[in-house]
Amino acid sequence: LTEFKDPSALEFRNAMYAVNENDEFELVYTEVFNKNNNQTYVFDNRERKSLAFLESDDNFVPLEQLQAQRMEELKLEELRNEVMKTAMEDNVITDHTKIDVKTKVVPTTDASGKNIFNYEVNVGYTVDEEFSARDDFGPGKYLCEESAAAQAMLTVVKKALEGDFAKYVVEGKEVKLMITGMADAMPFSRTVPYNEVYGGYDREPVYKNGQLDNISVNKQTGISENEQLAFLRAMGVKHYIESNIPALQKMKTSYNANIEVSEETGSQYRRIGVMLTFVDAFAQ
């Protein structure tokens with residue numbers, strides 16, 4: 001797919017067409033020349049064999065969807081660059097913060113067994129170790145606004161869903177959010193107060209390093225474990241999205257939290273990330 005990411009560099013040569021049973025022209029042969037790498041790729045179906053077997057493959061994704069996904073990922077990268085440029089010019093973050101954006105088309109089936117395509121949008125960030133204390137969460141901190149890197153990442157998510165990705169934000173359709181909150185292994189010297197800014201939680205279902213578990217945190221007990229900090233960082237993302245992206249709340253939206261606690265200490269291990277999965281994204 002990466003070889004075809006620039007459509008303007010592709011040149012179709014020696015194309016041949018035939019008339020199908022519906023009296024429509026269909027492509028049966030072409031040579032695709034890629035100017036970027038001087039490679040030629042050949043599609044040859046002059047024997048007119050049925051290509052229906054491709055669509056029966058569980059891993060089959062139509063080329064037009066892959067091309068659209070790649071182009072949207074490029075737009076997401078451009079948006080990321082614009083947000084980071086503004087944040088650095090305003091001295092909010094340094095160039096040691098890196099926001100990562102990825103998109104992916106995932107073939108799967110729905111509850112009835114019908115083949116569908118989900119669309120994953122994954123956004124996260126890293127901060128170089130020597131600058132993570134400045135750009136990211138400090139010890140014992142969990143509010144989104146306490147991390148400049150987290151704020152920049154969430155700005156990318158908001159602008160993307162209000163811009164090029166708005167076509168996937170369709171009222172009544174399903175979207176699943178997996179939010180990852182991370183913490184380091186720094187020991188607690190005291191209990192950190194928690195005023196339930198994101199609510200109180202009692203045996204709340206949560207994934208811990210990918211395994212289903214539960215977690216509790218409330219005003220009475222406060223925060224005394226790094227797992228609780230990681231969880232509240234994830235809940236900060238949920239709160240931001242619910243407060244700042246109202247269109248998403250008109251969808252069938254579900255949230256899951258995944259928490260990861262490093263065995264190492266250091267602010268470079270205090271991060272958040274979010275993956276949005278738009279279910280059956282390309283259905284009309």
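For reference, positions follow the sequence shown, starting with 1.
- Using a 4.5 Å cut-off between side-chain heavy atoms of Ile, Leu, Val, Met, Phe, Trp and Tyr, with links allowed through other members, Val279 and Leu177 fall into different hydrophobic clusters.
- Distance alone, capped at 3.5 Å, is enough to place a donor-acceptor pair between the Asn118 side chain and the Asp280 backbone.
- Within 6.0 Å of CD on Glu24 lie more than 12 heavy atoms contributed by other residues, nucleotides or ligands.
- Taking the centre of each ring, Tyr29 and Tyr17 stay at or above the 6.0 Å mark.
- Ion pair Lys75/Glu77 not flagged as a salt bridge, since none of the NZ, NE, NH1 or NH2 atoms sits closer than 4.0 Å to an Asp/Glu carboxylate oxygen.
- Atoms CD and OG, from Glu204 and Ser216 in turn, are 9.0 Å apart once rounded to the nearest 0.5 Å.
- None of Leu232, Ile215, Thr180, Asn226 except one satisfies the side-chain contact (heavy atoms from CB on, under 4.5 Å) rule with Ile259; the exception is Ile215.
- Cation-pi geometry between Lys219 and Tyr194 is not met at under 6.0 angstrom from the ring centre and within 45 degrees of the axis.
- Under the 4.5 Å side-chain heavy-atom criterion for ILVMFWY residues, a single connected hydrophobic cluster contains both Ile179 and Val175.
- Salt-bridge formation is detected for the pair Glu72/Lys167: a Lys NZ or Arg NE/NH1/NH2 atom is positioned less than 4.0 Å from an Asp or Glu carboxylate oxygen.
- Connection of Tyr240 to Met84 is established within a shared hydrophobic cluster, with ILVMFWY side chains joined at heavy-atom distances below 4.5 Å, either directly or through further cluster members.
- Between the Glu242 side chain and the His239 main chain, no donor and acceptor come within less than 3.5 Å of each other.
- Not one N or O on the side chain of Asp128 forms a donor-acceptor pair closer than 3.5 Å with the backbone of Phe131.
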Using the side-chain contact (heavy atoms from CB on, under 4.5 Å) rule, take Ile245 and Val157 through it: C-alpha gap first, then chi angles, then the decisive distance, then the call.
CA-CA 9 Å; Ile245 312 176; Val157 174; 4.2 Å; yes

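- There is a path of hydrophobic side-chain contacts, each under 4.5 Å, that joins Leu154 to Leu276.
- Salt-bridge check for Arg270 with Asp136: failed, with every basic side-chain N at 4.0 Å or more from each acidic carboxylate O.
- Looking only at distances, no side-chain donor or acceptor of Glu26 sits under 3.5 Å from a matching main-chain atom of Ala18.
- The cationic group of Arg233 does not satisfy the cation-pi geometry with Tyr142, failing either the under 6.0 Å distance to the six-membered ring centre or the 45° limit from the ring axis.
- Looking at Thr86, its side chain does come within 3.5 Å of a backbone N or O of Glu82 through a donor-acceptor pair.
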Could you please spell out the steps behind the side chain to side chain donor-acceptor pair (under 3.5 Å) verdict for Asn14 and Glu31?
CA-CA 6 Å; Asn14 301 318; Glu31 299 162 5; 2.8 Å; yes

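- Taken from OG1 in Thr103 to CZ in Phe278, the straight-line distance is 11.5 Å, to the nearest 0.5 Å.
- Side-chain contact between Tyr119 and Lys104: absent, with no pair of heavy atoms (C-beta onward) separated by less than 4.5 Å.
- Ionic pairing of Arg271 and Glu260 is not present here: no N-O contact between side-chain nitrogen and carboxylate oxygen is shorter than 4.0 angstrom.
- Between the CZ atom in Phe43 and the OG1 atom in Thr30 there is a gap of 9.0 Å [rounded to 0.5 Å].
- Cluster annotation: Phe282 is not connected to Val170 through the hydrophobic network of ILVMFWY side chains, with a link wherever side-chain heavy atoms come within less than 4.5 Å.
- Counting only distance, with no hydrogens or angles, the side chain of Lys208 and the backbone of Asn214 share a donor-acceptor pair below 3.5 Å.
- No donor-acceptor pair closer than 3.5 Å links the side chain of Asp90 to the backbone N or O of Val92.
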